[in-house]
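Encoded as structure tokens, the structure appears first; notes follow it.
Naming convention: chains lettered A, B, ... in sequence-line order (proteins, then strands); numbering from 1 in each chain.
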Protein chains: 2
Amino acid sequence: MKRSPKRVVLLGSTGSVGTQTLDVIRAFPDRFQVLGLAAGRNIDLLASQISEFRPFRYYAADGREPENCSDCRPASLMELATLKDVDLVVAAMSGADALEPAIAALRAGIPVALANKELVVMAGEHLRDAAEHGGTEILPVDSEPSAIWQCMRGEPQKPRRLIITASGGAFRGRSWDALRSVSPEEALEHPTWRMGRKITIDSATLINKALEVIEAHWLFDMPYEQIDVVMHRQSVIHSMVEFQDGSVKAQLGPPDLRYPIQCALTYPDRVENTTLPRFDPIETGNLSFEELDASLYPCFNLALDIGKRDGTWRAALVGADEAAVEMFLDGKIGFTEIGPVIEQALRDHQSITQPSLLQITEAATETARRVRSMVPALPVLPASTDA
Amino acid sequence: MKRSPKRVVLLGSTGSVGTQTLDVIRAFPDRFQVLGLAAGRNIDLLASQISEFRPFRYYAADGREPENCSDCRPASLMELATLKDVDLVVAAMSGADALEPAIAALRAGIPVALANKELVVMAGEHLRDAAEHGGTEILPVDSEPSAIWQCMRGEPQKPRRLIITASGGAFRGRSWDALRSVSPEEALEHPTWRMGRKITIDSATLINKALEVIEAHWLFDMPYEQIDVVMHRQSVIHSMVEFQDGSVKAQLGPPDLRYPIQCALTYPDRVENTTLPRFDPIETGNLSFEELDASLYPCFNLALDIGKRDGTWRAALVGADEAAVEMFLDGKIGFTEIGPVIEQALRDHQSITQPSLLQITEAATETARRVRSMVPALPVLPASTDA
């Protein structure tokens, strides 16, 4: 059966999720056609992607023109997301720049494969309303919401409980106090996943898991008291869903983001991809579940408490976290300061009820700015020695 | 929303699956109405079930009349299975007596919840054809095929692989040679499941798992090379399904047969049942997968090799296994003789191609008779001492 290829716009093509999305697309040359690519500052990689995938339009955040792309013309993010004939928009950019384009695509009836959980945390209502307005769907790309989405497939009723698994990040099993002087390099050593830098730090603080709980609340319309987090060191079970009758389904697989990416790209089909590692239960051996010890992860409850609030609180959280992680990676604050910095930055946040998209992105930007301005006021960090 | 109750006929109400089916029905007095009950020799239990559930018709295998059931009249199994207005037939009898009634129900368009995997092993083609003819479904009740069925729900394509989990039964980890003189009582001590006697012995020999592979082949139309078995000691993951894209779904829950029974009874709904234990990942702790060591379970490959054959081979296998297990439980043969007895009984089997239902049940009966007649010819067993 000959099918016409799915026409894809990829916002954020040069990052971790973006390059893996193109890996999947590369494995199925007949299934996908890339109509547009948007990148940040990695203009050389964008140029090589343009020459490989031959899109019609590109966006480069810094306005530079990639070399050798005479057929491919520049466009705004908004133009890319609503290009004529596009079948799927993949929102894989970090930051909030893809928020308005994603909402425009959804409102136009174009499904959006969403990798960036921060967008859902900031503007879950807007995204949900836009999908409803357009009669289309948000397809989760991150492994945990993809697992939940896959488990819910074909189930006619709302689940009783979502059980999100957490690897515990780079410092699992270590007490918070012992982490005062860890280096960015140590925090970037995730035990099971290879991901971008920001999300890897968010995994070490477990803020990432709080953001996933908030994301699941909005994506799957589930009350917070029906969303649990359980420690699962192997990152093989990506999440579980308990149904009304108590039966539980889990989605499993090697910790490889190309799985959920492909699942969203080929939806509703499932297609064999021989380039992916295969799940082998024998080789996997053991799977474990442990209680999440919140005392080891003080940022988890901090983020979750804020994330449950309405108005612009969640946007402020995302902005504060982004700036705090950036400052940690730049060596300006210590790992255990990430939480206090976020907390302090949010203390004076003036939330706006029922905010517009602009008010949401402004709340994030403004809080990030406040975080960056706090640095001189912070106590001097101890020198980087073993705790 | 007021719904009319689902009208159920239960074939095999006094056995392990039957009483658990009534446990589930008891938990939902508004959802189910019992139209008919069929039992074997446990006439007292049948009488008390009749007075509790008030069916219109009953069947007792030995023809006796239960006390105090003046409103409830006797009927044949065939009459019960095709009663007017019945919405669901639950086939929970051991042996082959429910085969023809189940097929008649399916042909009449009545879904059949099937607990007895032997029926599928013996007559998979007939059951499948009958369901197709009646435009209805076979709803699996056993935990493994129910898990597969639940995982496949809503998936539009055929899976790539079924992964059936096996607890390993009463003697897991022990070498076959050490089992020469084990007693029926030891073999009946299943580590994770409480079930009927025959299936518990089949679990100790792993013939049960071979029967489940054969059952899955017929129920889900899967080639044998796409069905794997993996040891999973905890009996929490009841089976897994790998889809075309390599993504795997598992169905989990406490080892309690009321789960898959209820899943079939309330299908397509899922309904909260507070009388069931709930899955707790923390309490579960660890899940393990190990390779199935066929040298510890010689009966597994024996049964599977025969089970892959056409004609009346599978019926002969079921008959031989039933009689061999019965003789072991009666102390007439040792545990390690179960396999050789089956093998010897099947050696002279004259398979009939494209057998009728009658030829199928006759093949089972005849092979069971041959097994029983073999006993005097068997070598005298060593006295029951520790190996």
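- Only the side chain of A:Y259 comes within contact range of chain B, judged by heavy atoms closer than 4.5 Å.
- A heavy-atom distance below 4.5 Å is found between the side chains of A:I282 and B:V230.
- For A:Q157, the part lying near chain B is the side chain, with the backbone staying farther off; criterion is any non-hydrogen pair under 4.5 Å.
- For chain B, the nearby part of A:Q262 is the side chain; its heavy atoms alone come within less than 4.5 Å.
- Ranking A:I163, A:I237, A:D245 against chain B, the residue ahead of the rest is A:D245, based on heavy-atom pairs under 4.5 Å.
- In this structure, the portions of A:E272 lying under 4.5 Å from any heavy atom of chain B include both its backbone and its side chain.
- Taking chain B as the reference chain and counting heavy-atom pairs below 4.5 Å, the highest number among A:S247, A:P156, A:A147 is found for A:S247.
- At a threshold of 4.5 Å between non-hydrogen side-chain atoms, the residues A:F289 and B:L287 count as touching.
- Here B:G246 is the residue among B:C151, B:G246, B:G253 with the most heavy-atom pairs under 4.5 Å with chain A.
- Heavy-atom distances place the side chain of B:E242, and not its backbone, under 4.5 Å from chain A.
- Using a 4.5 Å cut-off between heavy atoms, A:R153 contacts chain B through both its backbone and its side chain.
- Here B:V248 is the residue among B:N273, B:V248, B:V271 with the most heavy-atom pairs under 4.5 Å with chain A.
- Of all the listed residues (A:R278, A:R270, A:Q244), the one sharing the greatest number of non-hydrogen pairs under 4.5 Å with chain B is A:R270.
- In this structure, the portion of A:M240 lying under 4.5 Å from any heavy atom of chain B is its side chain and not its backbone.
- For A:D269, the parts sitting under 4.5 Å from any heavy atom of chain B are the backbone and the side chain alike.
- Looking only at heavy-atom pairs under 4.5 Å with chain B, the residue among A:N286, A:V241, A:L252, A:L276 that has the most is A:L252.
- The candidate from A:M152, A:E155, A:E283, A:Q251 with the greatest count of non-hydrogen atom pairs under 4.5 Å with chain B is A:E155.
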